[in-house]
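The sequence lines fix the lettering, A, B, ..., with proteins before strands; numbering per chain opens at 1.
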Number of protein chains: 2
Amino acid sequence: MAAQRTTIGALAKTTGIKIETIRYYERIGLIPSPPRSEGGQRIYEEDDRKRLSFVKRCRELGFSLDDVRTLLDLRQNDNRTCREVKEKTTTHLRTVRTKIADLKRMERALNTLAQSCEGGDDTHCPILEQLFA
Amino acid sequence: MAAQRTTIGALAKTTGIKIETIRYYERIGLIPSPPRSEGGQRIYEEDDRKRLSFVKRCRELGFSLDDVRTLLDLRQNDNRTCREVKEKTTTHLRTVRTKIADLKRMERALNTLAQSCEGGDDTHCPILEQLFA
DNA sequence: TCTTGAACCTGTAGTCACTACAGGGATTAA
DNA sequence: TTAATCCCTGTAGTGACTACAGGTTCAAGA
């Protein structure tokens, strides 16, 4: 009848982060080591879930774990300024935009290549020819 | 007065691939082990340069080294068909497009976040608030 | 011929963000 | 009690390099 303890498995389920990944985040100090049951199993609280969800959202936005660490620190730190957070965000935004531009360049080139080739049974391939030129 | 031997450094310079990377490609069997000088230094031929340039072009298009290996094999293999090469290309094209879509989603979200924040000296930050929600 | 310095060699370990075991112990429902 | 399911630690693997350390070879100038 005792309230269910939140084990790592339950936390994994509610956050959508795999058990191994949660342990990994703990190992690298991204999330705190939670208290343990008598048998040594991790027991989590609501705060842990929130912190982990924060990490997840940041990861979905493409922030590196190092960025996430900084953002978590800023969140805790009362001396922080909005400026720092916005700066991290816009810096990352620039990185993302650069990646998009790179990928679009690839896309165009690949598309041109693909269209140059009929894809039949021929042993002569214009794609290979262009790549090998 | 003997013709200059193409050392790994010269090859690196003409292909734009770093020395360490060339040695790495050799180690994983992507390019053949070239003959050596008496002192044990690698000596390359024009064919090596071509092969390496092929690898570079493929990498610039975002193909994995495993894909590159396959493409190199197809290039050597007289029994290949155009179909296989085109298939690899279009499959990769789809991957690239998926990546672009993912990054664009990130970009939109990051942009919205960034615009929600003035970036001043305030200690309350709407970006963190939204991420932590 | 000797010397200097640049270029080369091997082998190993580090990067990032996980993921996948192996070989065990804890917990829970029947 | 027993079986099934969960959890534990520690280590090693992934991809595609990159960065050493500690040595050897080579080419050019004195």
Side-chain angles (χ1 to χ4, degrees), chain A residues 1-31 33-44 48 52 54-72 92 95-96 99 102 106, chain B residues 1-31 33-44 48 52 54-72 92 95-96 99 102 106:
Chain A
M1 276 297 126
Q4 289 273 80
R5 298 185 298 192
T6 303
T7 61
I8 197 168
L11 187 66
K13 203 163 271 180
T14 60
T15 59
I17 299 183
K18 290 187 186 157
I19 291 175
E20 294 83 0
T21 307
I22 296 175
R23 284 197 287 246
Y24 168 69
Y25 286 168
E26 181 185 332
R27 199 162 67 243
I28 64 168
L30 199 67
I31 58 174
S33 300
R36 304 290 185 116
S37 73
E38 291 207 358
Q41 304 197 349
R42 292 170 178 80
I43 300 165
Y44 294 95
D48 298 310
L52 204 50
F54 179 88
V55 173
K56 195 185 185 209
R57 258 178 232 115
C58 291
R59 293 293 296 136
E60 282 167 354
L61 291 171
F63 283 105
S64 70
L65 289 184
D66 222 53
D67 284 342
V68 178
R69 204 188 291 272
T70 307
L71 290 172
L72 280 166
H92 178 53
T95 310
V96 169
K99 275 189 193 158
D102 288 348
M106 288 181 199
Chain B
M1 277 297 131
Q4 288 274 81
R5 298 186 296 193
T6 303
T7 61
I8 197 168
L11 187 64
K13 201 164 271 179
T14 60
T15 59
I17 299 183
K18 290 188 187 157
I19 291 175
E20 293 84 358
T21 306
I22 297 175
R23 284 198 286 246
Y24 168 69
Y25 286 168
E26 181 186 331
R27 201 162 64 242
I28 64 168
L30 200 66
I31 57 174
S33 301
R36 305 289 186 116
S37 72
E38 291 208 358
Q41 306 199 347
R42 291 169 178 81
I43 299 165
Y44 295 95
D48 299 310
L52 204 50
F54 179 88
V55 174
K56 195 186 184 207
R57 259 179 231 116
C58 291
R59 293 292 298 134
E60 283 167 354
L61 292 171
F63 283 105
S64 70
L65 289 185
D66 223 53
D67 283 342
V68 178
R69 202 188 294 271
T70 306
L71 289 172
L72 280 167
H92 177 54
T95 310
V96 169
K99 275 189 193 156
D102 289 347
M106 288 181 200

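- Nearest nucleotide to the A/R5 side chain, out of C/dC18, C/dC9, C/dT27: C/dT27.
- With D/dC8, D/dA16, C/dC9 as the candidates, the nucleotide lying closest to the side chain of B/S64 is D/dA16.
- Atom-to-atom, CG of A/L30 to C1' of C/dA17 comes out at 11 Å; the value is rounded to the nearest Å.
- In this structure, the CD1 atom of A/I43 is 12 Å from the P atom of D/dC7, given to the nearest Å.
- Between the side chain of B/R23 and the backbone N or O of B/R27, no donor-acceptor pair lies under 3.5 Å.
- The nearest whole Å value for the distance from the CG atom in A/D66 to the P atom in C/dT15 is 11 Å.
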Polar atom pairs (N or O), protein with nucleotides 19-23 of chain C, under 3.5 Å:
residue: C/dT19; atom: OP2; partner: A/T21; partner atom: OG1; Å: 3.4

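- A donor-acceptor pair is defined here as one N or O able to donate and one able to accept, closer than 3.5 Å; no such pair exists between the side chain of A/H92 and the backbone of A/D67.
- Between A/L52 atom CG and C/dC18 atom P there is a gap of 11 Å when expressed in whole angstrom units.
- B/L72 and B/F54 make their closest contact through CD2-CD2, 3.5 Å (heavy atoms, listed as atom of the first residue, atom of the second, distance).
- The shortest heavy-atom contact between A/I43 and A/P34 is O-CB, 3.4 Å.
- In this structure, the CG atom of A/L11 is 15 Å from the C1' atom of D/dC6, given to the nearest Å.
- Regarding contacts with the backbone of D/dC26, every side-chain N or O of B/T7 stays at 4.0 angstrom or more from both OP1 and OP2.
- Contacts of A/I19 with the nucleic acid, taken as non-hydrogen atoms under 4.0 Å apart, involve only primed sugar atoms and P, OP1 or OP2.
- OP1 or OP2 of C/dT27 sits under 4.0 Å from a side-chain N or O of A/S37.
- Residue A/K13 contributes atom NZ, which lies 11 Å from atom C1' of D/dT5 at whole-angstrom precision.
- Of the candidates C/dC18, C/dC9, D/dC17, the closest approach to any side-chain atom of B/I8 belongs to C/dC9.
- Each of B/F63 and B/Q41 lies near DNA chain D, and the nucleotide nearest B/F63 is the one positioned closer to the 5' end.
- Counting to the nearest Å, the P atom of D/dT18 and the CD1 atom of B/I17 are 11 Å from each other.
- Judged purely by atom type and a 3.5 angstrom limit, A/R57 has no side-chain atom pairing as donor or acceptor with the backbone of A/L61.
- When rounded to the nearest whole Å, the span between CZ of B/R59 and P of D/dG15 equals 12 Å.
- Of the possible polar contacts, one joining the A/T15 side chain to the A/L11 backbone as a donor-acceptor pair under 3.5 Å is found.
- Ranked by how close their nearest DNA chain C nucleotide is to the 5' end, A/L65 and A/E38 are led by A/L65.
- For D/dA16, the OP1/OP2 oxygens have no side-chain nitrogen or oxygen of B/R69 closer than 4.0 Å.
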